[in-house]
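Whatever order the structure lists them in is the order used to number ligands and atoms, beginning at 1.
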Amino acid sequence: MRVLIIGGGAAGMVAAWRAASAGHRVILLEANGKLGVKLRISGGGKCNITHDGPVKEVLGAFTKDQARFLRPSVHRFTNADVIALLRREGVETYTRDNGRVFPADRPGSAAAVVAAFQSLVERAGVDVRFRARVIEVEGRAPTLRGVHLEDGGRLEGDAVILACGGASYPETGTRGEALGWLKGLGVAVRPWFPALAPIPLKRPRPEWEGVALREGRLWLRAGAGGKRLADFAGDLVFTREGISGPAALELSQAAETARRSGAAWLGYASVPGTPEAVDLALQFEMKDNPQLKAVTWLKRVLPERLCEPLVVGSGMPAEQRLKDLPKAGRRAMVAAVTELPLGEPGSVNLARGEVAAGGLKLEGVDPQTMRVKGFDNLWACGEVLDLDGPVGGYNLQAAFSTGYVAGELG
Ligand SMILES: Cc1cc2nc3c(=O)[nH]c(=O)nc-3n(C[C@H](O)[C@H](O)[C@H](O)COP(=O)(O)OP(=O)(O)OC[C@H]3O[C@@H](n4cnc5c(N)ncnc54)[C@H](O)[C@@H]3O)c2cc1C
């Protein structure tokens, strides 16, 4: 069979290698001048390839529906399989304490991962076409006939595999246009939606840029003092426009959903206790240690750069001592450590996400084969599917596993 694969990223390279190894004539169409551009910047250039542990745990990181969909493919090409394959290709890996798997530490390790997959693709005899952006697919259900390229070219194929990724970081080649083609073919899609992205704040604190809040929990509420909607335990870092870091990335999709529905508010708990318990502890401290400065009390939990502005910002002098702490000041101090108000989020930018949520709806794809339902020669894999895992190597594993199965053309 002559197989056209659209997209030479994580999923497309694996699909191409698989299909060509089975004897198919494979043409891999990549819009960029090189393969795996997004892979090269993944994990800050280090590439968190996958997540260690039993397959069940890997799947457990996804939503229930996504996990159910991924189960057959991740069992077919597991995290252990990815690691073993890379080792055979000369890329040793190591696992961090948090289960994240990286290539053995050296500069440009993400590039080594790309080189390994590229070598597999080339050795399998795949015809790789660079700067070949597909602008349209030709045909209709149940059979596609080929694709049209931006340069005016047209290619015929017996099979088409969509591996063109999501819609974040468009500068890496992923512009998300496949959803338009799919809609035109009558395939159900969910519009792209931001995920794993920094969260801008309506009232950012640029003066705190670079300050990190550690080992706490970011809360998303439906408005100040409103119902708790979601939370994530992890670090957070202030940026010029808002917040970033693991906790912000993980809550960005929920924050954007809440913002669009009209009420969203964020706060960061640096200590796990309830406001009542922390208030009680502060009152004991006021008795035991009346000369202690409010700033010093805050510094036990919060980064130094935040403490004086928080004290002054809540109407107290910088030198405020605990002995004559006003009631409003006490409340503000308790809030600062139990739920530091970050306020309303601004609009989360789809382009800055480590993944894009949305894509080809999973119910429209056979999870055993990755074939798009209603078609006899169209498959899809990777981020173009409505899949979005958390940070931790899960998204690449999903791309590798679905790419592997799609490449079997079952
Ligand atoms: C900054 C950043 C860091 C990340 N870090 C990690 C990490 O450490 N671990 C992890 O698991 N995940 C990480 N991810 C997510 C991960 O990179 C993606 O989920 C994964 O690359 C998706 O694989 P894919 O093959 O589906 O898409 P991609 O890797 O994006 O590949 C799609 C390819 O298709 C090409 N293409 C698109 N449209 C067309 C077209 N019309 N014609 C021809 N070619 C086209 C694109 O140029 C691109 O090369 C990160 C993402 C970003 C943005």
Side-chain angles (χ1 to χ4, degrees), residues 4-16 27-51 58 61-62 79 82 96 100-103 109-110 113-114 117-118 128-137 147-151 153 155 160-181 194-198 244 246 249 349-357 359-360 370 380-404 406-407:
L4 306 177
I5 301 184
I6 310 173
M13 284 193 287
V14 172
I27 302 179
L28 180 57
L29 301 162
E30 170 51 55
N32 294 313
K34 49 186 170 185
L35 295 175
V37 169
K38 197 172 268 181
L39 253 178
R40 287 170 204 270
I41 59 162
S42 63
K46 291 195 168 149
C47 187
N48 178 190
I49 312 156
T50 185
H51 205 90
V58 174
F62 291 85
N79 47 355
V82 172
R96 291 191 184 164
R100 297 180 186 182
V101 181
F102 289 83
S109 50
V113 174
V114 177
F117 283 110
Q118 177 154 3
V128 184
R129 310 263 176 102
F130 291 111
R131 304 195 193 290
R133 176 166 287 279
V134 172
I135 53 164
E136 193 53 86
V137 289
V147 300
H148 292 266
L149 299 172
E150 196 171 45
D151 66 5
L155 287 170
V160 176
I161 301 180
L162 282 182
C164 41
S168 72
Y169 280 74
E171 65 274 24
T172 65
T174 46
R175 299 184 191 160
E177 67 269 55
L179 294 202
W181 312 334
L196 299 188
S244 190
L249 298 197
N349 189 348
L350 170 69
R352 301 301 359 129
E354 287 201 4
V355 279
L360 200 176
M370 296 298 142
C381 53
E383 211 182 310
V384 73
L385 297 166
D386 186 3
L387 287 171
D388 57 292
V391 170
Y394 302 104
N395 289 301
L396 281 174
Q397 181 63 49
F400 295 141
S401 296
T402 55
Y404 190 94

> In chain order, what residues pass the salt bridge (charged side-chain N to carboxylate O under 4.0 Å, His left out) check against R133, with sequence neighbours excluded?
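Only E177 meet the salt bridge (charged side-chain N to carboxylate O under 4.0 Å, His left out) criterion with R133.
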> Short N/O distance, under 3.5 Å, between E177 and ligand 1?
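Yes, since at least one N or O of E177 sits under 3.5 Å from an N or O of ligand 1.
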> Of all the atoms in ligand 1, which lie at a distance below 4.0 Å from a heavy atom belonging to G9?
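Taking each heavy atom of G9 in turn, ligand 1 has 25 (O), 29 (O), 31 (O), 33 (C) under 4.0 Å.
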> What protein heavy atom sits nearest atom 30 (O) of ligand 1, and how far off is it?
T174 CG2, 3.2 Å
> Looking only at distance, does N48 have an N or O less than 3.5 Å from an N or O of ligand 1?
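Yes.
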> Taking C-beta and beyond as the side chain, do L385 and M370 meet within less than 4.5 Å on heavy atoms?
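Answer yes - side chains close enough.
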> Tell me the protein heavy atom at minimum distance from atom 19 (O) of ligand 1, and give that distance in Å.
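In this structure, atom 19 (O) of ligand 1 has E383 OE1, 3.0 Å as its nearest protein heavy atom.
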> Under a 4.0 angstrom heavy-atom cut-off, which atoms of ligand 1 come close to A399?
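The list of qualifying atoms is 23 (O).
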> I want to know if ligand 1 touches L39 in the polar sense, i.e. an N/O pair below 3.5 angstrom.
no
> Please confirm whether L396 comes within less than 3.5 Å of ligand 1 when only nitrogen or oxygen atoms on both sides are compared.
yes
> Counting only nitrogen or oxygen atoms and a 3.5 angstrom limit, does V355 reach ligand 1?
no
> So which heavy atom in the protein is nearest atom 2 (C) of ligand 1, and how far is it from that ligand atom?
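Answer for atom 2 (C) of ligand 1: E354 CG, 3.9 Å.
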> May I ask you to identify the nearest protein heavy atom to atom 6 (C) of ligand 1, giving residue, atom name and distance to one decimal place in Å?
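Looking only at protein heavy atoms, the one closest to atom 6 (C) of ligand 1 is S42 CB, 3.5 Å.
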> What atoms in ligand 1 come closer than 4.0 Å to a heavy atom of G7?
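Contacts of ligand 1 toward G7, numbered from 1: 33 (C), 34 (O), 35 (C), 44 (N).
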> Hey, can you tell me if Y394 and F62 have their rings parallel, tilted or perpendicular (30° and 60° cut-offs)?
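If you compare the ring of Y394 with that of F62, the planes turn out perpendicular.
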